[in-house]
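Comments concern the structure below.
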Number of protein chains: 2
Amino acid sequence: MEHIARDADVAPVASLIADPTRAAMLTALLGGRALAAGELARVSGVSAATASAHLARLLDGRLVDVERQGRHRYYRLAGHEVAEVLEALARISGRPPVRSLRQSRQARLLEEARTCYDHLAGRAGVALLDRLKEGGYYAAHDLTDAGERLLSGLGVDVTGARGSRRRFAPECLDWTERRAHLGGALGAAITGVLLERGWLRRGAVPRSVVLTDEGGRGLSALFAGKELTSGTPVT
Amino acid sequence: MEHIARDADVAPVASLIADPTRAAMLTALLGGRALAAGELARVSGVSAATASAHLARLLDGRLVDVERQGRHRYYRLAGHEVAEVLEALARISGRPPVRSLRQSRQARLLEEARTCYDHLAGRAGVALLDRLKEGGYYAAHDLTDAGERLLSGLGVDVTGARGSRRRFAPECLDWTERRAHLGGALGAAITGVLLERGWLRRGAVPRSVVLTDEGGRGLSALFAGKELTSGTPVT
DNA sequence: GTCACCTTTCGACGCCGGGCGAAATGTCGC
DNA sequence: GCGACATTTCGCCCGGCGTCGAAAGGTGAC
């Protein structure tokens, strides 16, 4: 995130992102799910022909990967480095243009819980980070020893995440809540475990996830257990 | 680096970077120094008129700041977030087009030591990270307790750097050495202290820095002192 | 005040690239 | 094999933007 490996010329890739249609496609793919060419044409508001041309250019520029499945072609972002470019760009970009009503209806569904590329965001993501902080598991952008034990016990590969090239455990402002939630390699690892365990399930709307009943029980047990030892029970 | 604060419209900013002339200007500014409009026109190979138009757009897009000084106008990147966008883009960009002879002559001067935006790179940056690792001051993308004491004693604000929104202490491949060096908030803080102490001095070529005699003595004393306690002296 | 220099503004030119509809290619279901 | 559907290819139009030279706006040196 901090340094260039060589003095690469940055313009061609930026040019790919610079077109509003392609930017909409890439932003849609930030949810981490692969989308078919037709879906991408719809979300970006262009004809299938136009979308196809754009996707060909994104593919040529190695910003997306494609997977053929029958008569569909599913496109996904070509790795988290690409997602990080988009996120870095978003961080210095102004507020978005007005959104359609359909989109704002879907937005409400995303408030409760959603993923951003590959980690948990939304109200659930904010709550998770709050619990980690309250319980003394997380401080100063890092896990405490207690936090490391807690998550390792849950099945999260903490040391693997720490060795990743990505930021380990950054806090980021949430889209809807205006509060911090957990991202980075650790956020992704946690989300992966929650999905594996069935504590979290992907929803119908792209990027949305729901906390299952089992997940609710599991998480409150997890944090309640610790809260007993630290003295301040929380429901 | 990991998450978008809101679903910002990323295309306009990308569009600013997408033009080769503006990209050359921004890349030149990655050295961290402010450059005059005329210099930027020269490094990007366009007329003063064209450069002026580009700089006006970059200014309008908040990618650069300007400082008037007499009849010159010095432009600089508008914060490290902008640098991080460029670096993230460079990471997924292909290799650069062939460079001019003049540039490759200057490149040799940069091999020994240089800064990348605000932290130490080049051979000296690689050597610094090597020493930190050998001495047990740095491991797994983080300072050890010993490293924290060592750098705090030198005057580096380690806790301040850890609280920063930037990655704390990422390793990155170096441009010339193909080896890792230290970046991020910690890399910047260290470089700042070295410059304050006069151990490092900015050179004539933009982005280049030289290790002063005093700096050479200071650093070897710093690491030699530790090496005595850890058992393996290094000259 | 006058000259020299750096920078910006103005006006005009050229071209690249995104847009679409229609037709071609490919794949599934029967 | 045939029709329905998803996707790509082709041909064409059009707007926006990067480019420059010339001239104007400011600033420092003397």
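The chains referred to below are lettered A, B, ... by the order of the sequence lines, with proteins before strands, and numbering in each begins at 1.
- Contact annotation: A:Arg57 reaches the phosphate of C:dG18 (side-chain N/O to OP1 or OP2, under 4.0 Å).
- Taking atom CZ of residue B:Arg68 and atom P of nucleotide D:dG25, one finds them 15 Å apart after rounding to whole Å.
- Between the side chain of A:Ser52 and the main chain of A:Ala48, no donor-acceptor pair closer than 3.5 Å is present.
- Here A:Ala37 lies in heavy-atom contact (under 4.0 Å) with sugar-phosphate atoms only.
- Contact between B:Leu40 and B:Val43 at its shortest, heavy atoms only, is O-CG2, 3.4 Å.
- Using a 4.0 Å heavy-atom cutoff across all strands shown, A:Tyr75 reaches sugar-phosphate atoms only and no base atom.
- Looking at which nucleotide of DNA chain C each of B:Ala49 and A:Val46 is closest to, the 5′-most match is held by B:Ala49.
- Between A:Thr50 and C:dG19 there is no side-chain polar atom (N or O) within less than 4.0 angstrom of OP1 or OP2.
- Per the geometry, CG belonging to A:Asp60 stands 16 Å off C1' belonging to D:dT9, to the nearest Å.
- Comparing D:dG18, D:dT7, D:dC20 by their nearest atom to the side chain of B:Arg22 picks out D:dG18.
- Residue B:Ser52 has no polar side-chain atom (N or O) positioned under 4.0 Å from OP1 or OP2 of C:dT7.
- Taking the charged nitrogens against the carboxylate oxygens, A:Glu67 and A:Arg76 do have a contact shorter than 4.0 Å, which makes a salt bridge.
- Taking atom CG of residue B:Leu55 and atom P of nucleotide C:dT9, one finds them 11 Å apart after rounding to whole Å.
- A sub-4.0 Å separation between OP1 or OP2 of D:dC20 and a side-chain N or O of B:Ser47 is present.
- Using modelled atom types, one side-chain atom of B:Ser93 and one backbone atom of B:Leu89 make a donor-acceptor pair closer than 3.5 Å.
- Checked against D:dT7, C:dT8, D:dT19, the side chain of B:Asp19 finds its nearest nucleotide in D:dT19.
- Contact annotation: B:His54 side-chain N/O to D:dT19 OP1/OP2 distance is under 4.0 Å.
- Nearest to the side chain of A:Ala36, among D:dT7, D:dC20, D:dT8, sits D:dT7.
- Proximity note for A:Ala48 (side chain, C-beta onward) versus D:dT19, D:dG26, D:dT7: the nearest is D:dT7.
- Rounded to a whole Å, the CE atom of A:Met25 is 11 Å from the P atom of D:dT7.
- Contact between the side-chain N/O atoms of B:Arg73 and the OP1/OP2 oxygens of C:dT8 is found at a separation under 4.0 Å.
- Summarising the geometry of B:Ala23 relative to A:Ala11, their closest heavy-atom pair is CB-CB, 3.9 Å, with the distance given to 0.1 Å.
- Among residues two or more places apart in sequence or in another chain, the side-chain hydrogen bond (donor to acceptor under 3.5 Å, both in side chains) test is passed with B:Asp157 by B:Thr159.
- Rounded to a whole Å, the CG atom of B:Leu59 is 9 Å from the P atom of C:dT8.
- With rounding to whole Å, A:Leu35 atom CG is found 15 Å from D:dA6 atom P.
- Atom NE2 in A:His72 sits roughly 12 Å away from atom P in D:dT8 (whole-Å rounding).
- For the pair B:Thr21 and D:dG18, the criterion of a side-chain N or O lying under 4.0 Å from OP1 or OP2 is not met.
- Distance, A:Leu40 CG to D:dT7 P: 9 Å, rounded to whole Å.
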